[in-house]
Amino acid sequence: MPEERKESLDFVRSIVVDDLKNDKHGGAVVTRFPPEPNGYLHIGHAKAICIDFGIAAEFNGNCHLRMDDTNPTKEDLEYEDSIKQDVSWLGWKWSDNKVYYASDYYEQLYQYAVELIKRGKAYVCDLSQDDLKEHRGSLTEAGLESPYRSRSIEDNLDLFERMRRGEFPDGSKTLRAKIDMNSPNIHMRDPAIYRIRHTSHHRTGDTWCIYPMYDFAHCLSDSIEGITHSICTLEFEIHRPLYDWFLDALECKCHPQQIEFARLNLSYTVMSKRKLLELVKSGLVNGWDDPRMPTICGLRRRGYTPAAIRKFCDIIGVTKYNSLTDIALLEHCVREDLNKTAPRIMAVMNPLKVVIENFPEGQVEELEGVINPEDPEMGSRKLPFTRELYIDRNDFMEEPPKKFFRLAPGREVRLRWGYFILCKEVIKNADGEIIELRCTYDPETRGGSAPDGRKVKGTIHWVSASHSIKGEARIYDRLFSVEIPGVDKDVDWKDQLNPDSLAIKPVYLEPSIDGVKPGYTCQFERQGYYCLDPDSTPEKPVFNLTVSLKDTWAKIQQKE
RNA sequence: UACCCCGUGGUGUAAUGGUAGCACAAGUGGUUUUGGUCCAUUUAGUCUAGGUUCGACUCCUGGCGGGGUAGCCA
């Protein structure tokens with residue numbers, strides 16, 4: 001599963017190698033991927049997943065998939081299921097085929113909290129949320145000690161137990177760690193470790209009405225599971241002293257090392273759960289799996305492959321530098337993968353009728369097209385050739401400019417896998433619009449080469465008008481029209497959505513695609529990679545644009 | 001304003017005191033039955049000022065710039 005590693009190691013892997021060398025954890029490497037089931041996974045999570053699972057795989061270790069479900073008010077089974085699906089779709093297997101849950105440790109965590117109280121390192125605090133905020137101080141000012149800080153161990157034990165029994169209403173009490181209200185690190189100023197929530201949890205039901213906070217639950221969950229390297233993103237850096245404090249205060253045998261890396265930022269999209277949720281809720285996109293979304297399920301529906309995503313995660317690297325990765329890099333990865341694997345088909349998006357005057361009416365000739373020139377093993381498919389064809393309007397110009405190599409009056413081009421055709425006449429309607437081309441074909445050029453050795457500069461795609469299957473193409477572009485949506489605080493990031501992120505067009509497809517299933521990915525020759533959408537019906541296939549082919553002709557046109 | 005972290009071509013990354021390299025993007029040329037792919041090639045970089053050293057992207061100090069942190073969220 002893990003791809004081959006480059007010789008130079010990123011800083012996380014260097015730490016792991018050093019630890020292995022120094023026998024720090026007895027040769028073990030155990031990592032974990034700990035999502036909170038309160039949203040769908042996105043490409044940024046894919047980076048974390050590839051680091052967590054990738055490192056475990058490379059060093060013969062294990063990676064636990066652990067639901068960090070300590071806040072019943074936000075979490076849901078729907079999210080949990082999608083997380084499992086996405087992780088395994090990406091190609092990773094969690095160790096022991098078992099999903100871990102922070103909620104499975106609630107009793108142990110409670111006992112740890114009791115122990116903390118017994119050691120005089122935690123106390124029950126009656127301060128309200130507002131009072132707590134007052135006491136916390138600010139970034140520049142020290143905090144104030146709570147008046148409840150000096151309660152006796154006996155009182156604390158009693159009160160904490162009654163918190164658990166449900167004697168107190170939400171928000172009336174918290175259990176706090178007794179650390180240092182003067183610490184320059186606000187997270188060390190007697191942080192709350194348990195709060196009262198009379199809310200049922202999607203896994204533990206109504207068993208609990210007090211729930212542990214992240215800082216307390218996370219380090220201990222890691223310790224309980226024997227995690228060696230607890231890899232997370234940069235915003236937790238400032239929490240690390242707390243992470244270590246709990247494990248030291250409780251003298252835990254297993255003390256994992258927290259290592260932080262920079263999360264992924266991608267241009268022309270957003271990555272925060274809040275913004276993604278807002279897009280879905282406001283109907284600005286069509287659900288979590290809208291192919292424009294950077295979610296794993298969105299990318300999957302768009303036609304991205306696990307291999308492409310893993311390659312991307314591999315080449316972006318792992319550092320502590322807050323960077324912005326160009327989405328073109330992601331697009332490059334999927335092109336590279338699909339170029340090698342995707343079958344080619346011909347599909348005409350803006351049909352222009354071509355009548356081959358010297359080809360008999362009613363006759364059907366079967367031609368053969370290579371399925372993938374990059375992989376001859378894939379064989380070939382049949383292409384019906386008839387008197388009436390469709391070509392793309394963009395492949396014809398009545399008055400072609402210098403560098404235009406395609407069809408024009410009096411010009412000859414090659415029909416891909418077919419014949420050379422020569423344009424004899426342009427037919428227009430009363431409004432002067434071109435509605436048809438009259439051409440002749442050279443029967444000697446079957447398959448696309450001329451026995452007399454004459455060359456043509458252009459090759460264009462086509463379909464038989466009578467055999468083509470009419471479908472729908474959903475042509476996607478970047479979700480936002482600015483590199484970093486919301487970076488300018490004066491404008492609403494939702495106003496920066498790209499109005500052209502989706503265009504729907506009819507498309508005439510070569511008949512060989514008949515019967516393919518949703519998820520089927522192919523290349524529309526000379527255009528881009530497309531993936532069959534689940535919205536398809538037997539009558540009307542719907543194809544999503546994954547990514548277009550590079551288009552140097554478009555570049556030439558742009559220059560002029 | 002306090003504390004913590006981070007600054008290498010346009011972008012993302014390597015070089016772990018010893019030739020600043022790779023990929024993407026951009027440009028040029030070649031091959032081509034996809035204006036795709038492929039091949040060749042060009043442009044372009046160590047934030048800054050000192051210090052240590054035979055030698056600094058790397059170590060030290062100051063400055064500048066960017067990010068994070070004041071949920072009973074994770």
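Lettering of chains follows the sequences in order, A, B, ..., and the numbering in each one begins at 1. Please read all numbers here as calculations on a predicted model, not as lab measurements.
- In plain terms, the two heavy atoms of Val413(A) and Phe405(A) that are nearest each other are CG1-O, 4.0 Å.
- Taking the centre and axis of the six-membered ring of Phe33(A), the NZ or CZ atom of Arg66(A) falls outside the cone set by 45° and 6.0 Å.
- When heavy atoms are screened at a 4.0 angstrom cut-off, Thr459(A) is found touching the sugar-phosphate backbone but no base atom.
- Among the nucleotides C72(B), U37(B), U69(B), the one closest to the side chain of Arg136(A) is C72(B).
- The nearest whole Å value for the distance from the NZ atom in Lys311(A) to the C1' atom in U13(B) is 14 Å.
- Judged as a side-chain contact (heavy atoms from CB on, under 4.5 Å), and not counting sequence neighbours, the contacts of Ser200(A) are Asp206(A).
- Neither OP1 nor OP2 of G12(B) sits under 4.0 Å from any side-chain N or O of Thr325(A).
- Residue contacts for Gln129(A): at a heavy-atom cut-off of 4.0 Å it reaches a base atom on one of the strands shown.
- As judged by a 4.0 angstrom heavy-atom cut-off over every strand, Phe236(A) is placed among the base-contacting residues.
- What separates CG of Asp215(A) from P of A70(B) is a distance of 11 Å, to the nearest Å.
- For Ser128(A), the side-chain contact (heavy atoms from CB on, under 4.5 Å) test picks out Asp130(A), Asp131(A), with sequence neighbours left out.
- Comparing A74(B), G67(B), G68(B) by their closest approach to the side chain of Asn322(A) singles out G67(B).
- Each of C72(B), A2(B), U34(B) was ranked by its minimum atom distance to the side chain of Pro373(A); first place goes to U34(B).
- For the salt bridge (charged side-chain N to carboxylate O under 4.0 Å, His left out) condition, the pairs that include at least one residue of residues 173-188 of chain A, sequence neighbours left out, are Asp126(A)-Lys173(A).
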Scan nucleotides 19-21 of chain B against the protein and return all N/O pairs shorter than 3.5 Å with their distances rounded to 0.1 Å.
none

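- Phosphate contact (OP1/OP2 of C5(B), side-chain N/O of Arg263(A), threshold under 4.0 Å): absent.
- A74(B) has no stacking from Tyr214(A) on its base ring, since the centres under 5.5 angstrom apart and planes within 30 degrees of parallel are not both found.
- In this structure, NE2 in His218(A) is found 5.5 Å from CG in Asp68(A), a value given to the nearest 0.5 Å.
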Under 3.5 Å between N/O atoms: give me all the protein pairs with nucleotides 25-31 of chain B, atom names plus distance.
residue: A26(B); atom: OP1; partner: Lys555(A); partner atom: NZ; Å: 3.0
residue: G27(B); atom: OP2; partner: Lys555(A); partner atom: NZ; Å: 3.4
residue: U28(B); atom: OP1; partner: Lys559(A); partner atom: NZ; Å: 3.2

Distance-only donor-acceptor hits, side chain of residues 550-557 of chain A, under 3.5 Å, sequence neighbours excluded:
residue: Asp551(A); atom: OD1; partner: Trp553(A); partner atom: N; Å: 3.2
residue: Asp551(A); atom: OD1; partner: Ala554(A); partner atom: N; Å: 3.0
residue: Trp553(A); atom: NE1; partner: Gln557(A); partner atom: OE1; Å: 3.4

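- Taking the O4'-C1'-N9-C4 or O4'-C1'-N1-C2 dihedral as appropriate, G10(B) has a value more than 90° from 0 and is therefore anti.
- What separates CG of Leu329(A) from C1' of G10(B) is a distance of 14 Å, to the nearest Å.
- Across the protein-nucleic acid pair, Asn339(A) atom CG and U32(B) atom C1' stand 13 Å apart, rounded to whole Å.
- Applying the salt bridge (charged side-chain N to carboxylate O under 4.0 Å, His left out) test to residues at least two apart or on different chains, the pairs with a partner in residues 181-202 of chain A are Arg149(A)-Asp190(A).
- Residue contacts shown for Phe11(A) are absent, as no nucleic acid heavy atom lies under 4.0 Å away.
- A heavy-atom distance below 4.0 Å to RNA chain B is reached by these residues of residues 69-77 of chain A, ordered by number: Thr70(A), Asn71(A), Lys74(A).
- OP1 or OP2 of A74(B) has at least one side-chain nitrogen or oxygen of Arg195(A) nearer than 4.0 Å.
- Heavy atoms of Arg344(A) sit under 4.0 angstrom from at least one base atom.
- The Glu374(A) side chain lies nearest to G36(B) when the options are U16(B), G36(B), U1(B).
- The nearest whole Å value for the distance from the CG atom in Leu324(A) to the C1' atom in C24(B) is 13 Å.
- If you take NE2 of His461(A) and P of U34(B), they are 14 Å apart, rounded to a whole angstrom.
- Not a single donor-acceptor contact under 3.5 angstrom links the side-chain atoms of Glu237(A) to the base of U69(B).
- For Leu132(A), whose side chain is taken as the heavy atoms from C-beta onward, the closest listed nucleotide among U69(B), C72(B), A74(B) is C72(B).
- Following rounding to the nearest Å, Asn265(A) (CG) and G12(B) (P) show an atom-to-atom distance of 10 Å.
- For the side chain to side chain donor-acceptor pair (under 3.5 Å) test, residues two or more places apart in sequence or in another chain that qualify with Lys320(A) are Glu237(A).
- Within the 4.0 angstrom heavy-atom criterion, no nucleotide atom of any strand lies near Pro35(A).
- Legend: residues meeting ring-ring contact (aromatic ring centres under 6.0 Å, His included) with Phe524(A), ordered by chain and number and at least two apart, are Tyr530(A), Phe543(A).
- The aromatic ring of Tyr321(A) is not stacked on the base of G7(B), since the criterion of ring centres less than 5.5 Å apart with planes inclined by under 30° is not met.
- Nucleic acid contact for Ile193(A): none, since no nucleic acid atom lies under 4.0 Å from a heavy atom of the residue.
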Check your understanding: Which dot-bracket notation, 5' to 3', represents the base pairing of RNA chain B when pairs are defined as Watson-Crick or G-U with both distances under 3.5 Å, crossing pairs as [ ], and inter-strand pairs as |?
Key -> .((((((..((((....[..)))).(((((.......)))))....(((((..]....))))))))))).....

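- Taking the charged nitrogens against the carboxylate oxygens, Glu336(A) and Lys340(A) have no contact shorter than 4.0 Å, which rules out a salt bridge.
- In this structure, Tyr112(A) has its ring center no closer than 6.0 Å to that of Phe246(A).
- Listed pair Ser323(A) / U13(B) meets the phosphate criterion, a side-chain N or O lying under 4.0 Å from OP1 or OP2.
- Contact check, Thr552(A) against G36(B): a side-chain N or O comes under 4.0 Å of OP1 or OP2.
- For Asp244(A), the side chain to side chain donor-acceptor pair (under 3.5 Å) partners are His255(A), not counting sequence neighbours.
- Not a single donor-acceptor contact under 3.5 angstrom links the side-chain atoms of His135(A) to the base of A70(B).
- Within the 4.0 angstrom heavy-atom criterion, base atoms lie near Glu525(A).
- Listed pair Arg189(A) / C3(B) fails the phosphate criterion, with no side-chain N or O lying under 4.0 Å from OP1 or OP2.
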